[in-house]
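Following: one structure in structure tokens, then a few remarks.
Indexing begins at 1, ligand by ligand and atom by atom, following the structure's order. Values in this document were obtained by computation on a predicted structure and should not be read as measured data.
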Amino acid sequence: MKHNTNSKIKRSVQMMHRGGGGGGGMNNACYIYDANLKANDTLVTPDVVYNRGIDMNIPLTMDDGKTVTMWGFTDGGGGMGGGGTFPSAAMRVTQGQIVHSVLSVNMMWAHTINHHGIEPGWESDGVGHISWDVRGNSFTYQWRPMHAGTYFYHCHTNTVLHAEMGMYGALIVDPPEGIGTLYENGPKYDLECFWVVDEIDSAWHTLSWTAGTCGADVGLNDLNPDYFVITGVDGSGTSAFGAAAISPTVRVGQKLLARYICAGYHPQRIRFGGLTGTVYMSDGRPLPNAIQATELRAHSAERYDVIFEPTEPGEYIIETDVIHWVSGEVLGTTYAKITVI
Ligand SMILES: [Cu+2]
């Protein structure tokens with residue numbers, strides 16, 4: 001009898017493990033860190049409130065006509081109703097403001113928000129497995145950025161998968177001087193662009209939200225990208241040339257700030273197409289001494305703030321290589337463009 005009972009348990013566990021398939025579909029119970037979810041008892045009156053919901057069915061059409069399903073946050077709360085974008089809508093606040101990010105997860109799948117590089121209290125850190133995930137509920141994260149710069153926010157539930165699925169957005173902190181100054185008493189700029197470079201392994205994009213947390217090897221250690229995107233656009237051709245936020249036009253004499261985020265897992269090398277930029281900041285802090293650069297290398301989640309002051313009209317192609325982290329092979333390249341008139 002005892003032997004039979006054990007066998008039944010084994011079978012039911014195996015069936016649970018097999019339940020991990022299906023595009024964001026099944027309520028697989030292996031990843032449960034929401035049991036401790038409580039209201040955030042640290043909240044004070046905010047200066048800014050962002051409402052974020054979840055959309056786990058965002059179609060991203062690539063240059064070859066194929067569509068990859070992305071996940072992301074909606075701007076304005078809600079649950080399954082759609083309306084999410086890839087990347088998710090930016091958050092933009094001023095240094096010193098108290099901000100509430102209200103995450104509403106009106107579904108059975110768990111998510112969080114981690115404001116990467118910001119330093120809130122632990123209740124608001126949004127790292128699911130060490131505090132709690134949010135599902136079937138809402139939670140208010142409170143944060144107060146004290147350093148201007150370029151950041152991003154992302155889901156921190158089953159992070160390897162959920163970040164790959166696209167659950168991130170830019171987080172910009174302006175100094176007290178406001179938009180047009182990079183950091184407090186720092187350099188000025190006239191316009192800005194956003195280079196958020198990421199690689200996509202479309203085979204991952206049919207996995208369930210708990211994939212890899214149930215003991216099975218679903219291949220999350222083996223990222224084989226087949227698409228390369230820049231700020232939500234297939235970057236392998238010229239598609240990003242038509243988006244002003246990625247491929248700006250600047251007049252001679254103007255200062256262009258490029259906010260570059262390495263949003264992939266493999267390292268990247270970005271080349272400025274013959275332009276020399278001044279690198280003022282990395283990861284939300286000014287460099288001790290700004291450096292002149294014609295290219296940069298970055299690793300996962302790094303950010304760089306680069307100001308260009310082009311002197312010659314022309315078209316400058318910004319190439320970002322995604323480089324295999326072990327072999328050094330260039331896996332793919334994204335293209336953007338600076339037009340100087
Ligand atoms: Cu998530």
Which pair of heavy atoms, one from W209 and one from W71, lies closest together, and at what distance?
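W209 and W71 have their closest heavy atoms at CA-CH2, 3.6 Å.
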
All N/O donor-acceptor pairs, side-chain side in residues 328-341, below 3.5 Å, sequence neighbours left out:
{"residue": "T333", "atom": "OG1", "partner": "D321", "partner atom": "OD1", "Å": "2.7"}
{"residue": "K337", "atom": "NZ", "partner": "E315", "partner atom": "OE2", "Å": "3.2"}

How wide is the angle at the Cu ion (ligand 1) between SD in M167 and ND1 in H111, to the nearest 10°?
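Between SD of M167 and ND1 of H111, the angle at the Cu ion (ligand 1) is about 90°.
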
Once rounded to 10°, what is the value of the angle centred on the Cu ion (ligand 1) between H162 ND1 and C155 SG?
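Roughly 110°, rounded to 10°.
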
Under the side chain to side chain contact (heavy atoms under 4.5 Å, CB included) test, residues paired with T238 that sit two or more places apart:
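Applying side chain to side chain contact (heavy atoms under 4.5 Å, CB included) to T238 gives F241.
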
Do W132 and F139 have their ring centres less than 6.0 Å from each other?
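Yes, ring centres under 6.0 Å apart.
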
May I ask you to check if any N/O/S atom from H156 comes under 2.8 Å of the Cu ion (ligand 1)?
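Not a single backbone or side-chain N, O or S atom of H156 is under 2.8 Å from the Cu ion (ligand 1).
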
